[in-house]
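Throughout, protein chains are lettered first and strands after them, A, B, ... in sequence-line order, and every chain is numbered starting at 1.
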Amino acid sequence: MQFMETLSTPLVSLPIQANPEAPTVKSDNQNRPVLSLIDQKLFTASTLSPFSSLEYARKVFDEIPEPNLYMWNTLIRAYSWSPEPSESVKIFLRMLCESPYFPNKFTFPFLIKAATKLSRLGVGQVFHGLVVKSSFGDDVFILNSLIHFYASCGDLDFAYRVFVRIGEKDVVSWNSMISRFVQGGCFDKALELFKEMEAENVKPNAVTKVGVLSACTKMKDLEFGRWVRSYIEQKGIKMDLTLSNAMLDMYAKCGSVEDAKKLFDEMEEKDIVSWTTMIDGYAKLGEYDLGAMDVGEWNHENIKKQRMKLNCHLTTSLIDMYSKCVEELQLICSTEGMKLRSSPMLLLLPMYYACACSHSGLVEEGRMFFNQMEPVYGVVPGVKHYACMVDILGRAGLLEEAVEFIEKMPITPSASVWGALLGACKIHENVELAEQACSRLLELEPENDKALVLLSNIYAKTEKWDNVSELKKRMRVSGLQKERGWSSMEVNGTLHKFLAADNSHPLSKEIYSKLEEIVAKLKSSGHVTNKSLLLQLVDEEDMKEQGLNLHGEKLAIAFGLISTSPSQLIRIVKNLRVCGDCHTVAKLISKLYNREILLRDRYRFHHFSGGNCSCMDYWCRWEELVLKNSTQTS
DNA sequence: CTCCCCTCTG
């Protein structure tokens, strides 16, 4: 690094302030302009705010004729956090040359932080030398930073040497050393240090306990971990979120998921880490099922029940978790295929992989993996794997191959296999095959109302209205009814639920006029090209006729627009899968109204922003894929 | 007026 050369030579001859109590100004200058406290605070805020760029703060700084030491420090700190910590060092050099100031006790922690991020031993050593020369060698803040720095550079010995020489170690000194030992794999030393700390009568805090627990986790020492818990309770140390999470991790990794679960249930506050830790704990036990996303512990009803006492942060975490799981899964599946053998989830992963393939249209990969399951991974495909394969083929429009595949199955096709075929028929509007699949499915599961609903949807999609009404009659007679779709939206802790074409909401009038405004706006911006979309939004007669067309999510979004401030996220939960129209409308609204919309439907998470959705429109993509496949084969 | 330490995941 170039600045190192610049740094090492002139520093030796720099006049170093010998006494920290001495004035921090090199020379007297009575005419220095005075910066108000407010100016300085504003400047600090501008360097820290995530909304303003550091470049801007830098420009402001360069306009200031004679920045004071506080301002220099602020800028050095800002760069130490930035992606370019070397700028901190450059600013520091500029300060030495241009300003009348010596570095003070605040300057060094920032500089050392920058050196830590740079992972340059030499740079930090120069600062260390400067610290000693300028008589800050006793400052516990600076020395703690140095522990962190040396450990980060991989020199635990030197970090420990710094630690030992600190005259009055504070709790941060001990914590730094303990957690650094843990991170460096010296678990025994970490625990030893903890005992030493006890002996020196330094009161451990929550951070200490996190470090100690981490050591227990890594050593798989459940005994000691349990002891730590009782110690915490005895000494009345506050169990904050991080500490609880560390404890969860300890229990889970040391093989006591029961204890983890118990603690998890007791925790008042949970975050994404808590959830991740628990899920991971279960995963390691092999109790993990990606089906479990919608049932059991984390099903929608449960979330709703818990929301009242656990606030909406939990919901956000869950949404993140869902999306994270899907993304991670796809990542693992697409890049780490061969490593699956070493995975403890061996028996389940092929299944996940197949599902991921079916949702992202990776036909070839799905086919290949399915064929490899037994010879390579030693897993005999079960009926669920066959259903997945049918799903993959069907989604891609390879209906004939899917049928052939089912006929050749060595085991009896289950309802899920026929269901997958039926689903594919809906996508590709194959009425004849759909009827066959439906009847086979009903043979196995006569009460399966979803099959009939699906079939009636296929009839509707292909405009076979006679068949639709016939089927509806049949369903009415047999008492089968489609699960009614609803969407809910939470505003200030109150849940607002919308059914299709719902006008029961107190603000119903406003909601509908907002919808009209949306339509007008979409129209005038030239975004509405799809006639059916427009129809669904405005034609009230038709709406009543079809009953279900004006979906609750459109109402929920309109309500969201009028009841939240522009900076707020619009958060919607839908019990069924969001339809293509609502999906498109949500995308357009996110762009035209410049709003972020989070929509969790039955199957996945959608984050609409700037006209796009995080799901990458995978149900629009199959159309492209089909098109591509058909042009390739023809 | 500012500064040091912490869990999960990969």
Side-chain angles (χ1 to χ4, degrees), chain A residues 35-45 47-48 68-78 80-81 103-114 116 131 136 139-152 159 162-163 166 169-183 190 193 197 202 204-218 237 239-253 260 263-264 267 270-281 283-284 317 320-321 324-325 327-329 331-332 335-336 339:
Chain A
L35 285 159
S36 78
L37 215 62
I38 292 176
D39 287 335
Q40 299 181 40
K41 280 286 176 197
L42 268 177
F43 177 70
T44 307
T47 64
L48 301 179
N68 63 21
L69 186 54
Y70 174 86
M71 309 282 263
W72 283 105
N73 284 347
T74 302
L75 198 62
I76 290 170
R77 168 168 70 159
S80 77
W81 291 354
N104 66 2
K105 61 174 181 171
F106 294 111
T107 320
F108 286 109
F110 303 143
L111 285 172
I112 293 165
K113 179 110 186 157
T116 307
V131 165
F136 285 119
D139 187 292
V140 72
F141 273 83
I142 297 172
L143 293 172
N144 290 345
S145 310
L146 281 168
I147 293 176
H148 196 62
F149 162 74
Y150 282 114
S152 280
V162 173
F163 170 78
I166 300 177
K169 304 178 185 67
D170 65 3
V171 68
V172 177
S173 317
W174 290 93
N175 290 350
S176 302
M177 209 56 235
I178 289 173
S179 46
R180 280 317 189 152
F181 271 143
V182 174
Q183 280 167 29
L193 215 59
M197 180 182 182
V202 181
N205 62 12
V207 178
T208 323
K209 294 288 132 188
V210 170
V212 173
L213 277 173
S214 184
C216 298
T217 308
K218 300 275 166 58
I237 292 171
M239 282 281 281
D240 63 11
L241 182 60
T242 307
L243 184 49
S244 302
N245 285 343
M247 183 87 73
L248 270 186
D249 190 44
M250 187 277 294
Y251 280 140
K253 292 245 167 69
L263 174 64
F264 183 79
M267 280 165 65
K270 295 164 186 148
D271 67 355
I272 185 73
V273 175
S274 334
W275 287 93
T276 317
T277 307
M278 276 313 289
I279 292 166
D280 189 56
K284 296 268 154 58
S317 303
D320 287 343
M321 182 190 79
K324 198 174 171 217
C325 288
E327 277 159 23
E328 272 171 8
L329 181 63
L331 195 74
I332 294 167
T335 63
E336 304 286 318
K339 287 187 191 162

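- In this view, A/D139 satisfies the side chain to side chain donor-acceptor pair (under 3.5 Å) rule with no residue, not counting sequence neighbours.
- For A/F43, the ring pair (Phe, Tyr, Trp, His ring centres under 6.0 Å) partners at least two apart in sequence or on another chain are A/F61.
- With sequence neighbours left out, the side chain to side chain donor-acceptor pair (under 3.5 Å) criterion links A/S173 to A/N144, A/D170.
- For A/Y251, the ring pair (Phe, Tyr, Trp, His ring centres under 6.0 Å) criterion is met by no residue, not counting sequence neighbours.
- For A/F110, there are no ring pair (Phe, Tyr, Trp, His ring centres under 6.0 Å) partners, not counting sequence neighbours.
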message = Base contacts versus sugar-phosphate-only contacts with protein, heavy atoms under 4.0 Å: please encode nucleotides 1-7 of chain B as B, S and - from 5' to 3'.
response = BBBBBBB
